[in-house]
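Remarks on the structure that follows.
Both ligands and their constituent atoms are indexed starting at 1 by order of listing.
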Amino acid sequence: MPKLGVNIDHVATLRQARRELFPDPVDAAAACEKAGAESIVCHLRKDRRHINDNDLIRLRMSVKTRLNLEMSTVDEIVKIALKVGPDQATLVPEKRQELTTEGGLDVVRYKRKVSGVIKKLHEKGIVVSLFIDPKRQQIKTSKEVGADYIELHTGTYANVRTKSKCRSELKRIRESALYAHKIGLGVNAGHGLDYQNVKDIARIPVIEELNIGFSIVAEAVFSGLGPAVKRMRGLIR
Ligand code: PXP
């Protein structure tokens, strides 16, 4: 049964829409944990469009479960990660203009860079996950560079509109998860998961954690954050 990691970036997105001090992502993280979230996820982007440096420091001090920092491999962000010391770092690609993370990290292409960043994070005792597309070569290379986990990008699965495409994407994710597990990687998954599409992913036996943000924060507008987290956790379980 996978655990639920809640990404609270979009609580900060709402705050930044008015450059206000509320809603506070730190309060949101506490509400998520109280409702059963097993980790808190946030992404410190280069443009600081939602989570900022101070949020990250406050989250480090307040999160009681595990803090999973999504981050690019640029030196500035790596330096911050090493200083703040999240429990886990999830390396993601980052493009300035994108609305959200598009596609997985190309570990094959950036093997040396990724390997160097992993080494530095490991020296600080930080568990490292790589956010990758469900492709065999990316998985194999993730193992070679020393990652502890991969997070399979479920965005394509979440966006398909026909049943047959959905089935084939699900199969691709399932086979990727089983292969990664077989070669000794921990397996997480996330991106675009919602109350409709999460169950089939949650059934894949080797997946340890699902990281979900947008759909939970969107649902929270209607039901409150605690109930939104509880409902998602119920579906996963
Ligand atoms: N996992 C990773 C690596 C991500 O970059 C994101 C988006 O920040 C998520 C999970 C959560 O995606 P969503 O907000 O679509 O649930």
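Under a 4.0 Å N-O distance rule, the pair Asp55/Arg15 qualifies as a salt bridge. Between Glu144 and Lys111 there is a salt bridge, since at least one side-chain N of the basic residue sits less than 4.0 Å from a carboxylate O of the acidic one. Under a 4.0 Å N-O distance rule, the pair Glu169/Arg172 qualifies as a salt bridge. For the pair Lys230 and Glu219, the salt-bridge criterion is not met [side-chain N within less than 4.0 Å of a carboxylate O]. Taking the charged nitrogens against the carboxylate oxygens, Lys113 and Asp75 do have a contact shorter than 4.0 Å, which makes a salt bridge.
Regarding atom 15 (O) of ligand 1, its nearest protein heavy-atom neighbour is Gly192 N, 2.8 Å. Of the protein's heavy atoms, Phe214 N, 2.9 Å lies nearest to atom 14 (O) of ligand 1. Summary of contacts: the protein heavy atom closest to atom 12 (O) of ligand 1 is His191 CA, 3.5 Å. Shortest contact from atom 10 (C) of ligand 1 to any protein heavy atom: Glu151 OE2, 3.3 Å. Among protein heavy atoms, the minimum distance from atom 5 (O) of ligand 1 is reached at Glu70 OE1, 2.9 Å.
Both tests hold for Arg136 against Tyr179: distance to the six-membered ring centre under 6.0 Å, angle to the ring axis within 45°.
Interface atoms of ligand 1 facing Val92, defined by a heavy-atom separation under 4.0 Å, are 3 (C). If you number the atoms of ligand 1 from 1 as listed, the ones under 4.0 Å from a heavy atom of Asn211 come out as 10 (C), 11 (C). Taking every non-hydrogen atom of Asn7 and a distance limit under 4.0 Å, the qualifying atoms of ligand 1 come out as 8 (O).
The part of Phe131 lying near ligand 1 is the side chain, judged by heavy-atom distances below 4.0 Å. Neither the backbone nor the side chain of His43 has any atom closer than 4.0 Å to an atom of ligand 1 (non-hydrogen atoms only).
At least one N or O atom of Gly213, backbone or side chain, sits closer than 3.5 Å to an N or O atom of ligand 1.
Aromatic ring pairs are classed by plane angle as parallel below 30°, tilted from 30° to 60° and perpendicular above 60°; the pair His153 and Phe131 is parallel.
With Ser176 as reference, Leu152 is the one residue of Val187, Leu152, Asp133, Ile150 to meet the side chain to side chain contact (heavy atoms under 4.5 Å, CB included) rule.
Note on ligand 1: Ser215 sits outside its first shell, no heavy atom being nearer than 4.0 Å.
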